[in-house]
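Worksheet for the structure shown next.
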Amino acid sequence: MKLRLTLFSFCMALLLAFGCQMNNNSNQDQQSDAKETTEFIDATEDQETYTDDYIEADPYREPTNDELRETGIVISIEDGPYPMFSLNIEFPKIEAIIAFSLNIEALSPRIESIYDYQDKYMSFYYLAESQADLYDMHFEGSSVFGEWAPEFDPEWNMMKGILSGADSPSGDLPNEVSITEANGTTLDFEVFIDDVMMKANGKEVVVYYGIRDRNIITHILPLE
């Protein structure tokens, strides 16, 4: 009887020891798998972060169908109402200096300060557009600019139509308004809207304007 108990006890001890060993091996395997999974996730996240940063910081790209690409020296920079700037760029080969406008907030990638480009040779992309400049607007026989109305110039273009877009006052930057003639022709202007102009919104006005070409920089980077 004693022998049977001893053998039984011995067998139970072996079973318990084997079970503990299997449990330890299973825990170690789980910990190893978890470690490898964590390392894989970390490596993947690092790779994705690197890739995103690289794409965002990459200053080189092909111009769009509407963009033109040129190189020149920035000889002067003038600031306007933020975020607008005016750059005079020299083209030594043709001995010409041309003015360009730039919205620093619209550039991609962003730049810290446009003044860092002073006197440097730059490669840049730009859009060549025509802009209608509003000189005066008359509503019910008088200028909406009041005492600030400019002296009339017979060389100005004239247009009569319905004013739209002047439904709220401007802030620090001008807003775009439109004049639509009876035949459907529409012309857009950038102008500061005040209470007087808002009274003319949706009604017939007479505008005096001029057309000028402007070059808008969309992308700029220094040449090596």
Side-chain angles (χ1 to χ4, degrees), residues 64 66-68 70 72 74-90 96-108 110-111 113-115 117-118 124-220:
T64 66
D66 296 328
E67 289 177 322
L68 302 171
E70 286 291 349
V74 180
I75 61 172
S76 67
I77 301 172
E78 299 178 3
D79 59 330
Y82 188 85
M84 301 304 299
F85 291 83
S86 178
L87 280 64
N88 287 320
I89 299 181
E90 181 181 11
I97 298 175
I98 301 176
F100 294 82
S101 62
L102 176 150
N103 181 342
I104 196 172
E105 294 288 348
L107 295 181
S108 179
R110 297 281 298 276
I111 60 176
S113 173
I114 190 62
Y115 293 103
Y117 293 175
Q118 177 75 47
F124 61 94
Y125 307 159
Y126 71 97
L127 300 174
E129 298 180 346
S130 294
Q131 179 181 7
D133 290 332
L134 180 65
Y135 299 143
D136 201 359
M137 177 186 295
H138 286 200
F139 174 59
E140 295 181 344
S142 60
S143 173
V144 299
F145 298 142
E147 61 179 320
W148 305 108
E151 183 178 352
F152 178 75
D153 187 333
E155 297 296 323
W156 290 346
N157 299 306
M158 186 194 77
M159 182 179 185
K160 179 187 294 186
I162 303 299
L163 171 66
S164 60
D167 49 3
S168 60
S170 299
D172 295 332
L173 296 175
N175 295 86
E176 185 176 86
V177 300
S178 300
I179 309 296
T180 304
E181 291 182 320
N183 62 7
T185 301
T186 299
L187 201 57
D188 299 326
F189 300 94
E190 287 189 352
V191 62
F192 285 97
I193 302 170
D194 58 11
D195 294 338
V196 179
M197 187 177 294
M198 288 172 60
K199 293 179 181 179
N201 193 51
K203 301 174 183 177
E204 187 177 77
V205 297
V206 177
V207 294
Y208 300 92
Y209 65 95
I211 300 292
R212 67 180 173 89
D213 295 330
R214 64 173 183 170
N215 302 308
I216 306 170
I217 293 177
T218 56
H219 185 54
I220 187 169

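- The two atoms that bring Glu90 and Ile75 nearest to each other are OE1-CG2, 3.5 Å, heavy atoms only.
- Minimum heavy-atom separation, Trp156 to Asp136: CZ3-CB, 4.4 Å.
- Exactly one residue among Ile217, Ile77, Thr218 makes a side-chain contact (heavy atoms from CB on, under 4.5 Å) with Leu102. That residue is Ile217.
- Considering CG of Asp133 and CD of Glu190, their distance stands at 9.0 Å, rounded to 0.5 Å.
- By the 4.5 Å heavy-atom criterion applied to side chains, Ile104 and Tyr82 are counted as neighbours.
- Contact check for Ile111 versus Tyr117: side-chain heavy atoms found under the 4.5 Å cut-off.
- Separating the CD1 atom in Ile89 from the CD1 atom in Ile98 is a distance of 8.5 Å, to the nearest 0.5 Å.
- Contact between Ser170 and Val191 at its shortest, heavy atoms only, is OG-O, 3.7 Å.
- Atom CG of Asn175 and atom CG of Asp167 lie 8.5 Å apart (nearest 0.5 Å).
- The shortest distance between side-chain heavy atoms of His138 and Tyr208 falls below 4.5 Å.
- Going from atom OH of Tyr135 over to atom CZ of Phe145 covers 12.0 Å, rounded to the nearest 0.5 Å.
- Nearest heavy-atom pair across Ile193 and Ala166 is CD1-CA, 3.7 Å.
- Minimum heavy-atom separation, Ile179 to Lys160: CG2-C, 4.4 Å.
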message: I'd like to know whether Leu87 forms a side-chain contact (heavy atoms from CB on, under 4.5 Å) with Ile114, so could you lay out the CA-CA distance, the side-chain angles of the two residues, the decisive distance to 0.1 Å, and finally the verdict.
response: CA-CA 9 Å; Leu87 280 64; Ile114 190 62; 4.2 Å; yes

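- In plain terms, the two heavy atoms of Val144 and Asp194 that are nearest each other are O-OD2, 4.4 Å.
- The aromatic rings of Phe85 and Tyr115 lie perpendicular to each other, with more than 60° between the two planes, well past the 30° mark.
- To the nearest 0.5 Å, the span separating CG on Asp213 from CD on Glu129 amounts to 10.0 Å.
- Atom CG of Leu163 sits about 5.0 Å away from atom CE of Met137, to the nearest 0.5 Å.
- Within 6.0 Å of the CG atom in Asp172, the count of heavy atoms belonging to other residues, nucleotides or ligands does not exceed 12.
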